[in-house]
Protein chains: 2
Amino acid sequence: MPRAGLTPATVVREAAVLADEVGYEKLTLAALAARLGVALPSLYKHVRGVDALHQQLAVLPTAEIADVLTTAAAGRAGGDALRAVAAAYRAYARQHPGRYPAAQRAPDPADAEHVAAGERAAGAIRAILLGYGLDGDDAIDAIRMFRAAVHGFVALEAAGGFGLPRDTDRSFDQLIAGLDRAYRSWGDR
Amino acid sequence: MPRAGLTPATVVREAAVLADEVGYEKLTLAALAARLGVALPSLYKHVRGVDALHQQLAVLPTAEIADVLTTAAAGRAGGDALRAVAAAYRAYARQHPGRYPAAQRAPDPADAEHVAAGERAAGAIRAILLGYGLDGDDAIDAIRMFRAAVHGFVALEAAGGFGLPRDTDRSFDQLIAGLDRAYRSWGDR
DNA sequence: CCTTAAAGCTAATGCTATTAGCCAAGATGC
DNA sequence: GCATCTTGGCTAATAGCATTAGCTTTAAGG
């Protein structure tokens, strides 16, 4: 019987694919093992368990989000960059309904790769905020504001939380427009 | 052997208490049955299963949030009301870490009580927005903005997503201040 | 070629959810 | 006050998933 040739990385990557197909909460070691053509306990040679898999699984989408945001911001500034980055974030969440929730898991401080990916994502936003004249603690607050607004929106949207027959695209545009105004008027009362 | 005297309502209410203690994702029929002093399968006389329990469990916190928001808004208007309602929302989420996530489940349109509770919560926000001159589709967008921003913030906060050593209370104040500015400048470019 | 680390396996255990079918508690009707 | 009938709660059985233990054999490396 030849070996499957798995590594922790391949297991986690396949878990990401599977999560997008069946949903994050329905991601199961049993289904993952079947997908990889391997018996369930064999996975324990590569991941410590389902909880560790979830933790590991957070790294990939975090890095992908960082990439997507960085790409979207390239060559733009101000409200232009803000809209592009927000749209890219939302698009990622919709295209990856399984791995996006995985990314919400906070990094283990000991996981340098995960921490770095998170910082890269935050850095993409921070660069835009610099164009609004925001830095230091203001930038931290403004980044948290961006994350709260955009994550909150896509989470509620994915959960079917917007019931009224009003186009969510419009609402999202208004959200980002409001964010833009909030950033521009940061110092005001 | 005397009966436990359970009803669907008591089961769901105890589930809410248990969820706050052990966390929404760790809420289990087995633990709930033990808590109620009953064998696990007995619960099936009151709820159709774990999925139905989750759905039912969404109603209580939605109604409680509606209450909390309504109370907080009473006697206030404008930015004052906005701050009070946002603070009340966040406080509820922190005090009820188990049932708050339960409330994110979208209502079954056939569940009139659930739908009504959601509308009551939205109504509390809508009333405030009226003070900003927002109604119609603008109000819908603005309500979605409020929900996205505040839910996103408390969700990220609860998940430990704000890693930097910056006081989250300050960040929350800034978020709501930004929301207030966005509402006040709604028509602007 | 031999050794050895480890990838993958089977077997076993435990927890959770779910269904089926039984029994008795307690409400209802006479 | 008694008979009846609904139904809440039970035990037993099944199935799925996670986890651990221990074995086998691959395949890399001296």
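Letters go in sequence order (proteins before strands), and every chain restarts at 1. FYI, side chains are in, hydrogens and waters are out, and symmetry mates aren't considered; it's all heavy atoms of this structure.
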| query | With the threshold set at 4.0 Å, does a side-chain nitrogen-carboxylate oxygen contact exist between B:Glu64 and B:Arg99? | reply | yes
B:Lys26 atom NZ is separated from D:dA18 atom P, nearest whole Å, by 15 Å
Do A:Arg126 and A:Glu119 meet the salt-bridge criterion of a basic N to acidic O distance under 4.0 Å? no
In whole angstroms, the gap separating C1' of D:dG9 from CG of B:Leu29 amounts to 15 Å
query: What's the verdict on side chain to side chain contact (heavy atoms under 4.5 Å, CB included) for B:Glu21 and B:Arg35, showing C-alpha distance, side-chain angles and the deciding distance?
result: CA-CA 12 Å; B:Glu21 285 181 18; B:Arg35 170 70 74 101; 2.5 Å; yes
>> Applying a 4.0 Å non-hydrogen cut-off, can you work out what A:Leu40 is touching in the nucleic acid: base, sugar-phosphate, or nothing?
In response: base
* Cationic N near anionic O, under 4.0 Å, B:Asp141 to A:Arg166 -> yes
Strictly below 4.0 Å: does A:Ser42 bring a side-chain N or O up to OP1 or OP2 of C:dC9?
yes
Whole-Å distance, A:Leu43 CG to D:dT19 P, equals 11 Å
Looking only at D:dT20, D:dG8, D:dT11, the nucleotide nearest the B:Lys45 side chain is D:dG8
From the candidates C:dA7, D:dC17, D:dC10, the one with an atom nearest any side-chain atom of B:Ala39 is D:dC10
Q.
Does D:dG16 have OP1 or OP2 under 4.0 Å away from a side-chain N or O of A:Thr28?
A. no
Ranking D:dG9, D:dT19, C:dA17 by distance to the side chain of B:His46, first place goes to D:dG9
Rounded to whole Å, CZ of B:Arg48 lies from C1' of C:dA17 at a distance of 15 Å
I'd like to know if A:Asp51 pairs up with A:Arg105 as an ion pair, taking the criterion as any Lys NZ or Arg NE/NH1/NH2 lying under 4.0 Å from an Asp or Glu carboxylate oxygen. yes
note: B:Leu32, atom CG; C:dT16, atom P; distance rounded to Å ~ 12 Å
In whole angstroms, the gap separating P of D:dA18 from CD of A:Glu25 amounts to 13 Å
Taken to the nearest whole Å, CG/A:Leu53 to C1'/D:dC17 is 14 Å
Side-chain contact check for B:Pro41: nearest option of C:dT18, D:dA18, D:dA21 is C:dT18
Per atom distances to the B:Tyr44 side chain, the nearest of C:dT19, C:dT16, D:dC10 is C:dT19
Of the candidates D:dG8, C:dG8, D:dA18, the side chain of A:Val50 sits closest to D:dA18
